[in-house]
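Here's the structure, in structure tokens; my notes come after.
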Amino acid sequence: MSSPGSKIIIDSALRAAANLRSSSMPKEVTQRAAAMLSSAPSGGKHTLPDLPYDYNAIEPVVSSETMTIHHTKHHNAYVTNLNVALEKLDAAVSSGNVGAIVGLEGALRFNGGGHINHTLFWENLCAKDQSELKDGPLKKAIEDAFGSVDGMKKELSDMSIAVQGSGWGWLGYNAKTGRVECATRANQDPLQATTGLVPLMGIDVWEHAYYVDYRNVRPNYVNAIWEVINWKVVEERLIAAQK
Amino acid sequence: MKISATITALLVGYTNAWSTPMTMKVDTGASNRRDLLIKGAAFATAVAAPVAANAYSVPDLPYAFEALEPYIDAPTMKIHHDKHHATYVTNINKATEGKDEVPILDLMADALDATPVRNSGGGHYNHAFFWEEMAPHDKASKTKPSADLAAMIDKSFGSFDDMKAKFEAQAAPGAVFGSGWVWLAVNTKGDELKIVGTPNQDNPLMKGVCDEIMLPILGLDVWEHAYYLKYQNRRPEYVSNWWNVVNWEKVNENFDYVVANHVGVSVQG
């Protein structure tokens with residue numbers, strides 16, 4: 001291990017914990033990771049998480065080609081650039097350069113948000129035959145808030161399709177009201193940091209998410225993505241948020 | 001902007017009515033001078049309120065889809081023009097239904113007042129502007145900034161290469177955080193050139209988008225749809241290749257126009 005600020009988390013469980021407070025990660029693991037990372041002012045280097053499935057796992061909804069480029073190029077670039085921004089942040093903090101700290105806001109928001117959003121996204125997708133919304137707290141919360149699962153799907157689809165330019169559609173948990181609700185965010189703005197809603201399920205509507213397979217027809221992509229949602233993960237996130 | 005053929009015919013008929021002796025019947029079916037005056041006034045009012053349905057249309061590209069190869073690929077040009085631009089036109093027509101027909105340029109200043117005008121009107125103007133400033137490489141490569149434009153580039157940026165570097169920096173993924181455009185634009189006074197990035201379908205003509213209204217002379221679409229099929233995430237490569245199809249003759253024309261008139265360039269459609 002070299003100097004703080006360049007620690008690399010090798011253990012993949014720790015790596016995953018460092019990247020994301022996943023509800024399925026044991027508490028001791030996340031605590032160990034947090035302790036290890038906190039020795040660097042900005043939390044050390046982030047790494048690209050592996051997909052929980054093969055690149056072709058959610059075909060034909062999203063092609064292997066898209067998943068490969070999306071993960072190894074787009075998400076990877078956010079991770080790389082986040083690390084660069086964090087190094088600059090460390091230097092600015094160490095030297096007490098407040099102007100430089102403020103100047104990094106855009107890069108941190110964009111790349112940090114991009115890393116968070118994509119990590120959440122890969123986790124809430126799965127192969128078609130594993131996508132099933134069973135009876136349980138999530139289904140109940142959706143029905144309480146939207147009347148029906150189809151009602152929620154329609155609302156979130158409409159909102160996601162209507163996003164101008166680049167952005168995300170989210171199903172989120174509102175801790176104040178105790179209910180689930182839909183939201184959209186522009187660019188890579190992360191849901192929780194900018195709205196307080198806990199992200200349960202995200203849909204990437206940047207053109208890079210669907211252009212290879214759907215060209216300009218975003219509605220077809222948004223309508224199809226419901227077939228490959230990992231409802232198990234979405235429910236785990238809700239349960240964790242409600243604790 | 002189409003002028004309805006019916007209106008043109010009516011205008012001709014109207015002019016003729018005033019020059020013909022009163023004994024001749026006219027299209028309005030008037031039987032005496034007073035009747036003609038009344039009908040003519042109503043008719044004139046109808047002509048003065050322009051046809052407002054489907055005011056805007058997608059202008060034809062000034063070149064074939066494959067003309068900008070290999071820098072911008074034919075499939076991208078086809079989808080970009082026939083699908084993306086067409087959608088903006090459909091939507092701005094929907095948004096302006098029943099309103100007076102005005103050139104799309106005239107909708108830009110106050111576009112921030114109405115979201116559909118901002119998104120779809122901006123989208124229509126920006127793309128109509130974009131197609132015109134490009135040309136096949138063998139033509140584009142023979143063009144360069146005029147003496148006046150070159151002088152202002154040097155004054156504002158130091159040199160042409162400095163301007164290009166600044167433009168490319170503004171077009172980089174870390175500068176425009178998502179979808180948007182990069183512009184080389186003149187201030188309304190006409191004495192300064194700036195490079196500005198705008199999000200989504202905003203442009204510098206819209207009040208409130210930049211520090212002051214600015215008049216674009218060159219623009220680059222950095223939405224992913226503008227380059228994804230050929231370049232995927234490699235936006236910097238798309239940007240540096242795009243210079244090969246910039247038609248500086250058109251840019252010079254744009255520059256002379258905005259400096260002389262202190263208003264934005266008009267576009268077709």
Side-chain angles (χ1 to χ4, degrees), chain A residues 63 65-82 84-85 88 103-114 117-118 161-168 184-190 194 204-221, chain B residues 73 75-91 95 111-112 114-123 126-127 169-170 172-181 197-203 221-238:
Chain A
S63 66
E65 187 185 341
T66 294
M67 294 298 277
T68 307
I69 301 172
H70 203 172
H71 179 248
T72 65
K73 307 280 183 200
H74 291 278
H75 188 177
N76 202 25
Y78 291 121
V79 172
T80 304
N81 293 329
L82 173 62
V84 167
K88 291 185 182 163
L104 287 164
E105 186 262 340
L108 290 169
R109 182 188 186 123
F110 185 56
N111 295 299
N117 294 338
H118 287 86
I161 290 164
V163 168
Q164 289 300 316
S166 308
W168 288 76
T184 58
R185 296 276 85 198
N187 302 330
Q188 294 296 352
D189 288 355
T194 61
D204 189 349
V205 289
W206 279 64
E207 286 174 324
H208 65 237
Y210 59 89
Y211 212 75
V212 168
D213 304 317
Y214 297 90
R215 298 288 187 267
N216 61 307
V217 193
R218 190 194 277 176
N220 287 359
Y221 158 73
Chain B
D73 56 304
T76 292
M77 289 304 288
K78 186 162 165 64
I79 300 175
H80 203 173
H81 176 264
D82 290 358
K83 305 282 183 198
H84 290 277
H85 189 174
T87 301
Y88 290 120
V89 168
T90 301
N91 290 337
L112 263 51
T115 306
V117 177
R118 178 181 191 168
N119 293 328
S120 305
N126 297 342
H127 288 86
Q170 187 61 56
V176 175
F177 290 133
S179 306
W181 289 73
T198 55
N200 295 340
Q201 294 298 347
D202 288 355
N203 63 49
D221 190 347
V222 291
W223 281 61
E224 285 176 326
H225 66 237
Y227 59 89
Y228 209 76
L229 296 180
K230 182 181 167 73
Y231 295 98
Q232 290 86 55
N233 64 312
R234 304 185 312 277
R235 191 198 284 180
E237 197 184 315
Y238 156 69

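In what follows, chains are A, B, ... by sequence order, proteins preceding strands, each numbered from 1.
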Handout entry: Option in A/Gln164, A/Lys73, A/Arg215 with maximal non-hydrogen atom pairs under 4.5 Å from chain B
Key = A/Gln164
Exercise for the section: Heavy-atom pairs under 4.5 Å with chain A are the metric here; pick the option from B/His225, B/Lys83, B/His80 that has the most. Expected result: B/His225
Fill in the blank from the handout: Assert top hit (heavy-atom pairs under 4.5 Å, partner chain B, pool A/Ser166, A/Gly114, A/Ala107) equals A/Ser166
Practice task
Assign the ring pair B/His127 / B/Tyr88 to parallel, tilted or perpendicular, where the plane angle (0 to 90°) is split at 30° and 60°.
Solution key: parallel
Exercise for the section: Classify the angle between the aromatic ring planes of A/Tyr210 and A/Tyr221 as parallel (below 30°), tilted (30 to 60°) or perpendicular (above 60°). Expected result: parallel
Completion exercise
When the 4.5 angstrom heavy-atom criterion is applied to B/Asn233 and chain A, the contacting part is both
Problem - Residue that, paired with A/Arg185, satisfies side chain to side chain contact (heavy atoms under 4.5 Å, CB included) out of A/Val163, A/Asn117, A/Thr194 - result: A/Thr194
Practice task
Give, as side chain, backbone, both or neither, the part of B/Phe177 having an atom under 4.5 angstrom from any heavy atom of chain A.
Solution key: both
Problem - Pair A/Tyr78, A/Gln188: side-chain N/O donor-acceptor within cut-off below 3.5 Å - result: yes
Handout entry: Proximity breakdown for B/Pro199 and chain A, heavy-atom pairs closer than 4.5 Å
Key = neither
Problem - With sequence neighbours excluded, residues passing side-chain hydrogen bond (donor to acceptor under 3.5 Å, both in side chains) with B/Tyr227 - result: B/Arg235
